[in-house]
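Only this structure's heavy atoms are used, side chains among them; waters, hydrogens and symmetry mates stay out.
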Amino acid sequence: MFQPLLASATRAVEKLRDIGEPLPDDLTDRLAEAADAAKVDELLRPYVIVEVEIDEQGFTASTPGAAPPRLVQHGWRSFLVRVANPHQLLGDLSAVSNHVLQNVDFHSHSARIAMPDTLTVVPRIEKSRLEVKLTGATDVSGVDVEYKVISLYSRDDGARSGELSFVMAVEEQYDSITRGPLRQAWQRMGFETRPYAAKYDFECAAARDIRLDVREPDGSSTVATLTVRDAQRRAYPSKAMRLAPDMFFHDHVYRATGEVITLPAGRYEISARRGPEYREVRLDVDVDAGTSALTIALDRWTDPAAHGYYSGDPHIHAGGCSHYNVPSEGVTPETMIRHVRGEGLWMGSVLTWGPCYYHQKQFFSGSSISPRAELEYPAMQRAQGMTWDPQDTDRDGQSLLRYDLEVSGFPSSHSGHVILLGLTDQDYPGTKLIEDWPSWNLPVMRWGHAQNALVGYAHCGLGLAVDTDELPNYVVPGFQSIGSNEIIVDVPLGAADFQCGAEFAPAAELNIWYHLLNVGYRTLMLGETDYPCIYDDGPGVGRTYVQLPEPPQGPQALETWLGGLKDRASYFGDGRSHVYDFAVNGSPDREQSVDAPGTARVTATVAAWLPEEPPAAPAAGQPVYSAPVGWHLERSRIGQTRNVLVEVLVNGVPVGSQEIVADGNEQAIGFDVPLERSAWVAVRILRSVHTQPVFVEIAGQPIRASRRSAQWLYDSVDALWTAKSGFIREDEREAARSAYDEAQATYASRRDECEVD
């Protein structure tokens with residue numbers, strides 16, 4: 001069995017070299033010359049931190065190796081592990097410690113209860129100061145002796161005691177379904193703290209607080225999104241050690257001018273941005289004993305606010321999904337405002353929903369707020385070693401939050417998730433529990449309208465995809481998910497104002513919208529993120545830009561923003577392209593009238609930014625590059641060029657187009673568009689940006705652009721009833737059926753008024 005041992009040892013030494021912690025240069029050559037197992041062990045012994053022996057049942061005993069147990073605060077050190085497996089078992093090995101958090105599925109709701117996200121576990125947070133992981137292959141291959149690589153991360157500096165032990169899931173005792181639960185069960189039984197652990201007195205070299213000076217192009221201080229990686233692409237601070245406002249599901253953190261990030265000595269790549277209106281800035285930084293500060297100059301390529309357009313994300317969450325669920329149930333406004341500021345948003349609508357509803361609803365006030373970005377719970381932060389002080393910046397007041405409601409996880413959720421923006425009361429009349437709410441959406445929509453709220457549907461494309469990318473298309477979907485289902489009933493009854501998207505394929509998201517517009521409705525479309533449920537990246541992956549004469553500020557900021565959304569120019573998308581000053585016949589007015597058919601002049605100023613080159617092809621052995629999901633300007637790139645296609649639409653159909661270079665410069669576009677009858681007009685870059693329409697009525701005639709659209713909507717009401725009526729409570733079903741019939745009758749009437757198919 002000498003050759004398998006030698007191969008294992010060589011792989012482990014190469015892995016240490018690959019992750020930036022090479023052993024002596026001649027060691028590989030000396031290993032190749034080794035004549036027996038004893039010589040291999042002799043050569044590697046000085047670098048082994050722990051020796052593991054596996055017994056006939058797959059249980060392990062660990063003893064300290066000869067390598068000095070020297071770690072570094074807020075950084076990684078890697079060592080060898082010698083695994084003795086005399087019974088030649090097969091299985092999977094995991095490293096654990098009495099001071100470690102590991103093996104947690106960060107995206108599992110149930111697993112989050114194991115993380116330090118509650119006020120009651122400060123002692124556990126203080127104890128959890130090591131992160132341990134086997135680097136590279138973790139399988140035990142059945143040879144007598146093999147070598148692995150282990151990496152250790154220390155939160156603290158100085159002299160620290162600790163233990164290392166291992167858990168092995170034996171191949172015969174698990175399959176692909178049960179291997180995780182079996183390992184977790186062994187850990188719960190206490191094997192990680194039994195006497196078979198190796199005990200250490202670690203010496204941990206101190207890291208340094210690096211104070212950040214983050215600046216806008218005009219010199220003002222601000223909050224930015226910072227991603228810090230070492231040569232092995234590991235993110236700092238350690239993701240497993242993070243507490244809010246630093247999220248374990250982000251690679252980045254948000255830091256303001258004057259705040260700090262703690263790093264050990266070494267070389268790092270630091271990237272900085274503040275949402276898609278900024279080019280990413282990258283710095284290579286050497287941290288040594290003389291490093292105490294770092295200046296970061298942000299690179300903004302466009303400023304919508306300079307044109308009077310103010311960004312907002314109408315759909316973000318402070319609890320549920322990737323956020324903490326139980327028992328502290330989410331994060332506070334002081335964390336959410338930091339994330340909104342760090343993504344360069346003016347407005348963030350934080351929606352309370354089913355998970356964490358009873359906890360998060362306390363933050364509803366009926367007003368827009370801009371709180372100070374404090375650390376949430378000082379005792380928890382101190383226990384985790386987060387002792388930096390939050391700092392105010394020149395740009396803080398530009399970002400606001402408004403807490404409102406998403407009816408998701410409620411009895412009516414099957415009909416589509418409803419968003420209610422600008423509520424004055426968040427408790428539906430006569431209810432004490434979520435389960436008391438209506439089981440279909442129309443009553444909820446009307447209740448929202450009674451408060452002058454703007455009401456609509458979230459993640460509109462879910463369940464509405466069909467087997468075509470055509471827009472508009474006439475395939476009736478199955479309405480099997482939680483997209484904007486009941487909107488086709490609520491809009492003709494005057495009870496829904498908008499749907500939200502910019503998350504999925506345009507054909508799934510825009511088709512209902514185009515059909516509603518084609519029969520004369522003024523339904524709005526917004527860009528949203530559904531952070532951190534659909535997208536973990538941060539708020540503003542999808543965003544909405546509203547033209548206003550003044551920035552939205554003060555307690556009524558959201559109401560001001562919503563008022564502009566209803567009456568003024570706006571557009572939505574991924575923020576990587578923008579359409580300023582969209583006008584028809586020189587006017588930005590959303591509603592226009594002309595006396596007779598003729599040619600309309602459509603103009604706008606467009607700006608977009610892509611890197612000069614498409615993403616590079618992957619190196620041999622690396623994963624194949626795939627374009628970003630959802631709406632992203634990279635998916636609009638024409639071939640290998642830097643060009644994208646701007647289209648002008650009449651009733652959802654492109655009638656003119658122009659290629660522009662996505663170099664960040666503003667470019668004027670213009671089209672002469674024939675209008676034979678009343679119509680809606682819009683501009684888009686597919687998968688990146690879309691304007692709200694301008695409605696042009698000719699000779700006082702309403703927009704009735706497509707008999708086929710009216711028929712599609714009529715038929716879709718039947719399909720929706722088939723899919724969803726069984727979820728409506730029996731005592732509410734008669735009223736629902738009546739509303740569905742009324743909506744269908746309206747579509748039939750408008751169908752008969754249409755002049756063309």
4.5 Å side-chain heavy-atom contact, M336 and V331: yes
Can you tell me how far the NE2 atom of H317 sits from the OG atom of S349, to the nearest 0.5 Å? 11.0 Å
Do we see a donor-acceptor contact under 3.5 Å between the side chains of Y278 and E216? yes
Run the ring pair (Phe, Tyr, Trp, His ring centres under 6.0 Å) test against F364 and tell me which residues pass, sequence neighbours left out. none
Sequence neighbours excluded, every pair satisfying disulfide (SG to SG under 2.5 Å) that has a member inside residues 523-569: C321-C533
Sub-3.5 Å donor-acceptor pair from the side chain of R590 to the main-chain atoms of D567, do we have one? no
CA sep, side-chain torsions, deciding dist, call: D392, R372, salt bridge (charged side-chain N to carboxylate O under 4.0 Å, His left out): CA-CA 7 Å; D392 300 326; R372 192 166 190 265; 2.8 Å; yes
Between S415 and N441: side-chain donor-acceptor atoms closer than 3.5 Å: no
Donor-acceptor pair, distance only, cut-off 3.5 Å: does the side chain of E509 make one with the backbone of A502? yes
Roughly how far, to the nearest 0.5 Å, is the OG1 atom of T225 from the CZ atom of R341? 13.5 Å
Contact between T529 and D537 at the side-chain level, heavy atoms closer than 4.5 Å - yes or no? no
Using a 4.5 Å cut-off on heavy atoms from C-beta on, say whether the side chain of F363 contacts that of T332. yes
Only counting residues at least two apart or in another chain, list the ones meeting side-chain contact (heavy atoms from CB on, under 4.5 Å) with D589. S587, Q592
Partner residues of F572 under the ring pair (Phe, Tyr, Trp, His ring centres under 6.0 Å) criterion, sequence neighbours left out: W513, W631, H690
Check this for me, if you would: do E277 and R300 make a salt bridge, where the nitrogen-to-carboxylate-oxygen distance has to be below 4.0 angstrom? yes
P237 and D246, any side-chain heavy atoms less than 4.5 Å apart: yes
Got a second to check how far L510's CG is from C460's SG, nearest 0.5 Å? 7.0 Å
From CD1 (I488) to CG (L464), nearest 0.5 Å: 9.0 Å
When the ring centroid of H578 is compared with that of W301, is the distance short of 6.0 Å? yes
With sequence neighbours left out, which residue pairs that include part of residues 553-566 fulfil the side-chain hydrogen bond (donor to acceptor under 3.5 Å, both in side chains) condition? R402-E559
When rounded to the nearest 0.5 angstrom, what distance separates CG in L526 from CG in L565? 5.0 Å
Any salt bridge linking E486 with K724? Criterion: basic side-chain nitrogen under 4.0 Å from a carboxylate oxygen. no
Answer yes or no: is there an ion pair linking R273 with E343, defined by an N-O contact shorter than 4.0 Å? yes
Residues in ring pair (Phe, Tyr, Trp, His ring centres under 6.0 Å) contact with F582, at least two apart in sequence or another chain: none
Is there a side-chain contact between I419 and C500, using heavy atoms and a 4.5 Å cut-off? yes
Heavy-atom check, side chain of P304 versus side chain of Y580, under 4.5 Å: yes
Residues in salt bridge (charged side-chain N to carboxylate O under 4.0 Å, His left out) contact with D299, at least two apart in sequence or another chain: R279
Return the set of residues passing side-chain contact (heavy atoms from CB on, under 4.5 Å) with S725 (not counting sequence neighbours), or none when no residue passes. W721
Test side-chain hydrogen bond (donor to acceptor under 3.5 Å, both in side chains) applied to S221 - qualifying residues, sequence neighbours left out: D394
Once you round to the nearest 0.5 Å, how far does CG of L423 lie from CD of Q451? 5.0 Å
Indicate whether the side chain of T262 and that of D209 have a donor and an acceptor atom separated by less than 3.5 Å. yes
Does the plane of the ring in Y357 sit parallel, tilted or perpendicular to the ring in W437? Use 30° and 60° as the thresholds. perpendicular
Sequence-distant partners of D731, side-chain contact (heavy atoms from CB on, under 4.5 Å), two or more places apart: R729
Could you check, using the six-membered ring where one of them is a Trp, whether Y545 and W346 have ring centers closer than 6.0 angstrom? no
Verify whether one side chain among R576 and S688 offers a donor that lies under 3.5 Å from an acceptor in the other. no
Just so I know, are the side chains of D490 and Y457 near enough to count as touching, which here means a heavy-atom distance under 4.5 Å? yes
Ring pair (Phe, Tyr, Trp, His ring centres under 6.0 Å) partners for F695, two or more places apart: none
Let's go through H417 and H315 carefully: what are the C-alpha distance in whole Å and the side-chain angles of both, what is the deciding distance for ring pair (Phe, Tyr, Trp, His ring centres under 6.0 Å) to 0.1 Å, and is it a yes or a no? CA-CA 11 Å; H417 289 183; H315 187 178; 8.2 Å; no
List in chain and number order the residues that pass side-chain contact (heavy atoms from CB on, under 4.5 Å) with R446, two or more places apart in sequence or in another chain; answer none if no residue qualifies. L442, L493, A495
